Enquirer: 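Below you will find the structure I want to go over with you.
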There are 2 protein chains.
Amino acid sequence: MTTDPGSSPALHWPGPEPAGAARRVYLGILQDLEGGRMVPGQRLIETDLAARFEVGRNAVREAMQHLAVRGVVDLSPNRSPAIRRLDLAETFEVLDVAEAMTRLVARAAAKGFGDEHGALLSAALDELGEAAPGGEAAAFSRARRGFYRALLLIGGNRELQRLFPAIGIHIIHAQYPSPRLRGIRLADYQAIARAIVARDADAAERAATGHVDNVRAVIRELTTVHP
Amino acid sequence: MTTDPGSSPALHWPGPEPAGAARRVYLGILQDLEGGRMVPGQRLIETDLAARFEVGRNAVREAMQHLAVRGVVDLSPNRSPAIRRLDLAETFEVLDVAEAMTRLVARAAAKGFGDEHGALLSAALDELGEAAPGGEAAAFSRARRGFYRALLLIGGNRELQRLFPAIGIHIIHAQYPSPRLRGIRLADYQAIARAIVARDADAAERAATGHVDNVRAVIRELTTVHP
DNA sequence: GGAACAAGATTGTGGAACAATCAATGCCAT
DNA sequence: ATGGCATTGATTGTTCCACAATCTTGTTCC
C-alpha cells in the first residue's frame, strides 16, 4: 500500500489535482481561503510562498496554474497572482455556468445510479448533515465537495469529472460565507439525492436547477440588503 | 508598439492561454495536432520539445499544463505527457458536456446580442464559409474557433469564456477528421447565428442542441461502419 | 519461458543567475 | 503645490544546472 502523506483525503480522486510539491502549496492556499485567512484581491508573492511551504518557485508556479484553472486566483503576465474577486455580475455568470454543469451532473448520476452506489451517496449525505448545523465552514466545504465527488463518480462521465471542479465555486463560498447558504444547501442536496436514488433524471435535473436558483436568491438578498 | 511574434492572431483573447515562451510550445503542439503531425496516444518528451522550440524545460511543463486543461494531453505523474486518446464512450461523454456548454453559449449570445455585434458575427460566418468547402483542416479549425469566440464575446459571460475552451473538442476533431463533419457544422452554425441575431434564446439553444446531435450522429456512423 | 536484476531514459525538484517588467518613490521644473 | 519624469526596488519570466526519484527497457540467470 502506498503511504498517502498528510492531509489528503482517503479516496484518490483521478482529477486534475497537482501532485507532489505543488500539491502542498495548492492545498495550503485552498485551506487558507476556506479558513478566511486569505481574502479576495489579496496578492500572492512567489518567493514568500516558496519559503513558507519549503518548495521551489517552480512548484509555486505550478500550484498557481492549478488554482487559476479552478478559478481561485487570477493570473496576469508580470503581475503577482491575486485571489480572484467577483463583482456581482460575474458572480451570477459563475452561477449560470454552475447551473448548466450541475444539471448535467445530477442527470448523469441519476442515469448511472446503481445499487452499489447507495452506501457512497448516503455516506456523503451523512457527512453533510453533521457538518451543516453549526460546524466549521471548512468541514462543510469538505462535505460539499464529497457530495459532488460522489455524484460525479456515480455519473461516470470522465469529461465532467475533469471540468466540473474548474467552476469558480470556491470563490463564491469565500466571498459569501453566509451560514444561510448552508441550510439551503443541505435541503437541496437531499432533494437531488432522492431523485438520483429514484433514477429519475428529469427530477434530478429539476432539483439541481432549483438548488442553484436558491443560491442565487440568497446571494441577491445578501447583497441588496447591504446599503 | 509591442512586437507580437509569429503566428498569434490579431485579437487578444483574454482567456487562459499561456504567454511568452510557453505559448510557442502550446501553439506548436496544437498546430501539429491540427495538421495531423501528432496522433492520439503519442508521447511527448520534455527535453525534445525544449530543444525543438528553443525554450527551457520549465516552459514546456507550463505548456503541458495548459494543454492538459484544454483536454489535449493526458498528464500523469512520472510519465511522459501523451496526446489524449478518447475511446468511444469518452467521446460521447465529451459531447454531453459540450452540449450543455454550447447550449449556454448560444443562449447567452442570443440574450446579449446587440446591433454592434452584427459585423463580428457575419465576419465569423464568412470565414467559416470560405474554409468549409475544400480548404485545409487547419483553416476550418481556426474559423470554428473564431465563431465560438464571437459567440462568447457576444454573450459576455466571463466564466463561460474561461471554461468553454477547456472542453476536449480539439481531440475530437483530431480523432475524427472527417470532411463530413465540416459541412454539417457550417449549416448548424448558420442556424445558431440566425437565432442569435433574432435574439431568440430558446431557438438558439435548440439549434445548439441540434448541432451536437448531428455531430453525435456522424461520429456514430463513422465508428459503426468500421468493422 | 519467466523472474530478478542492471542500465538507461525521463520526469520531479530545488536552486542560482540574470533579464524584463512593473510599482513606488523622490526629484525637478513649471 | 503639482504634474511630469527618472531612478530604484520588488517581483515575475526564463534558462540552465544538478541531482534525486521513478519508470522503462534490455539482459542474465535459473
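Being a predicted model, the structure only gives us computed values, none of them experimental. Quick note on labels: first sequence line is chain A, next is B, and so on, each numbered from 1.
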Enquirer: Determine all donor-acceptor pairs shorter than 3.5 Å in which one atom belongs to a side chain in residues 119-127 of chain A; sequence neighbours excluded.
Expert:
{"unit_1": "A:Ser122", "atom_1": "OG", "unit_2": "A:Gly118", "atom_2": "O", "d": "3.1"}
{"unit_1": "A:Ser122", "atom_1": "OG", "unit_2": "A:Ala119", "atom_2": "O", "d": "3.1"}

Enquirer: Spell out, as yes or no, whether a donor-acceptor pair under 3.5 Å connects the side chain of A:Arg84 to the backbone of A:Val72.
Expert: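 Here the side-chain-to-backbone pair does not exist.
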Enquirer: Please find the earliest and latest nucleotides of DNA chain D, in the 5' to 3' direction, that have an atom within less than 4.0 Å of any heavy atom of chain A.
Expert: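 So the contact region on DNA chain D extends D:dT11 to D:dT14.
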Enquirer: Could you list the residues that satisfy side chain to side chain contact (heavy atoms under 4.5 Å, CB included) with B:Asp115, not counting sequence neighbours?
Expert: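 By the side chain to side chain contact (heavy atoms under 4.5 Å, CB included) rule, B:Asp115 matches B:Arg199.
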Enquirer: Please list, by residue number, the residues of residues 39-47 of chain B whose heavy atoms come closer than 4.0 Å to an atom of DNA chain D; answer none if no residue qualifies.
Expert: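 Those residues whose heavy atoms fall under 4.0 Å from DNA chain D, taken from residues 39-47 of chain B, amount to none.
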Enquirer: Specify whether A:Tyr148 and A:Tyr189 have parallel, tilted or perpendicular ring planes, treating 30° as the upper limit for parallel and 60° as the lower limit for perpendicular.
Expert: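 Perpendicular: the ring planes of A:Tyr148 and A:Tyr189 meet at over 60°.
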Enquirer: About how many Å separate CZ of B:Arg23 and CD of B:Glu17, when rounded to the nearest 0.5 Å?
Expert: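 Output value for this atom pair is 5.0 Å.
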Enquirer: Taking the side chain from B:Arg85 and the backbone from B:Pro40, do they hold a donor-acceptor pair closer than 3.5 Å?
Expert: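 Yes, the answer is positive, given that a donor and an acceptor are paired below the 3.5 Å cut-off.
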Enquirer: Of all of residues 52-67 of chain A, which get a heavy atom below 4.0 angstrom from DNA chain C, listed by number?
Expert: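 Going residue by residue through residues 52-67 of chain A, the ones with a heavy atom under 4.0 Å of DNA chain C turn out to be A:Glu54, A:Val55, A:Gly56, A:Arg57, A:Asn58, A:Ala59.
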Enquirer: Near DNA chain C, under 4.0 Å by heavy atom, which residues of residues 72-84 of chain B?
Expert: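 Heavy-atom contacts with DNA chain C come from B:Pro77, B:Asn78, B:Arg79, B:Ser80, B:Pro81.
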Enquirer: Return the set of residues passing side chain to side chain contact (heavy atoms under 4.5 Å, CB included) with A:Ala108 (not counting sequence neighbours), or none when no residue passes.
Expert: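 Side chain to side chain contact (heavy atoms under 4.5 Å, CB included) list for A:Ala108, sorted by chain: empty.
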Enquirer: Just to verify, what does A:Arg216 make a salt bridge (charged side-chain N to carboxylate O under 4.0 Å, His left out) with, not counting sequence neighbours?
Expert: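 A:Arg216 satisfies salt bridge (charged side-chain N to carboxylate O under 4.0 Å, His left out) with A:Asp96, A:Glu99, A:Asp213 once adjacent residues are dropped.
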Enquirer: Which is the 5'-most and which the 3'-most nucleotide of DNA chain C that has an atom under 4.0 Å from a heavy atom of chain A?
Expert: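 Nucleotide range in contact with chain A: C:dT13 to C:dA23.
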Enquirer: Quick check against the 3.5 Å criterion: does B:Glu34 have a side-chain atom that pairs as donor or acceptor with the backbone of B:Gln31?
Expert: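 No, the answer is negative, given that no donor and acceptor are paired below the 3.5 Å cut-off.
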Enquirer: So which heavy atom on A:Ala82 is nearest to which on A:Gly41, and how close?
Expert: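 A:Ala82 and A:Gly41 have their closest heavy atoms at CB-O, 4.0 Å.
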Enquirer: Could you work out, with side chain to side chain contact (heavy atoms under 4.5 Å, CB included) as the rule, every residue matching B:Ala106, not counting sequence neighbours?
Expert: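 Expected list: B:Ile192, B:Ala204, B:Ala208.
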Enquirer: I'd like a table of donor-acceptor pairs (distance under 3.5 Å, sequence neighbours excluded) in which one partner is a side-chain atom from residues 43-51 of chain B, with atom names and distances.
Expert:
{"unit_1": "B:Glu46", "atom_1": "OE1", "unit_2": "B:Arg57", "atom_2": "NE", "d": "2.9"}
{"unit_1": "B:Glu46", "atom_1": "OE1", "unit_2": "B:Arg57", "atom_2": "NH2", "d": "3.1"}
{"unit_1": "B:Glu46", "atom_1": "OE2", "unit_2": "B:Arg61", "atom_2": "NE", "d": "3.2"}

Enquirer: If the helix axis at each end comes from five base pairs, how far does the helix from C:dG1-D:dC30 to C:dT30-D:dA1 deviate from straight, to 10°?
Expert: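 End-to-end axis angle: 0°.
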Enquirer: Got a donor-acceptor contact below 3.5 angstrom from the A:His173 side chain to the A:His170 backbone?
Expert: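 No, because the side chain of A:His173 does not come within donor-acceptor range (under 3.5 Å) of the backbone of A:His170.
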Enquirer: For A:Arg24, is there an ion pair with A:Glu54 - N to carboxylate O distance below 4.0 angstrom?
Expert: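 No, A:Glu54 and A:Arg24 are not salt-bridged.
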Enquirer: Are there over 12 heavy-atom neighbours, none belonging to A:Arg52, within less than 6.0 Å of that residue's CZ?
Expert: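 Above 12, so yes.
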Enquirer: Looking only at side-chain N and O atoms, does A:Thr91 offer a donor or acceptor that is under 3.5 Å from a partner on A:Tyr176?
Expert: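 The criterion, which ignores hydrogens and geometry beyond distance, is satisfied for A:Thr91 and A:Tyr176.
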Enquirer: Check this for me: does any side-chain nitrogen of one of B:Asp74 and A:Arg162 sit under 4.0 Å from a carboxylate oxygen of the other?
Expert: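 No, no charged N to carboxylate O under 4.0 Å.
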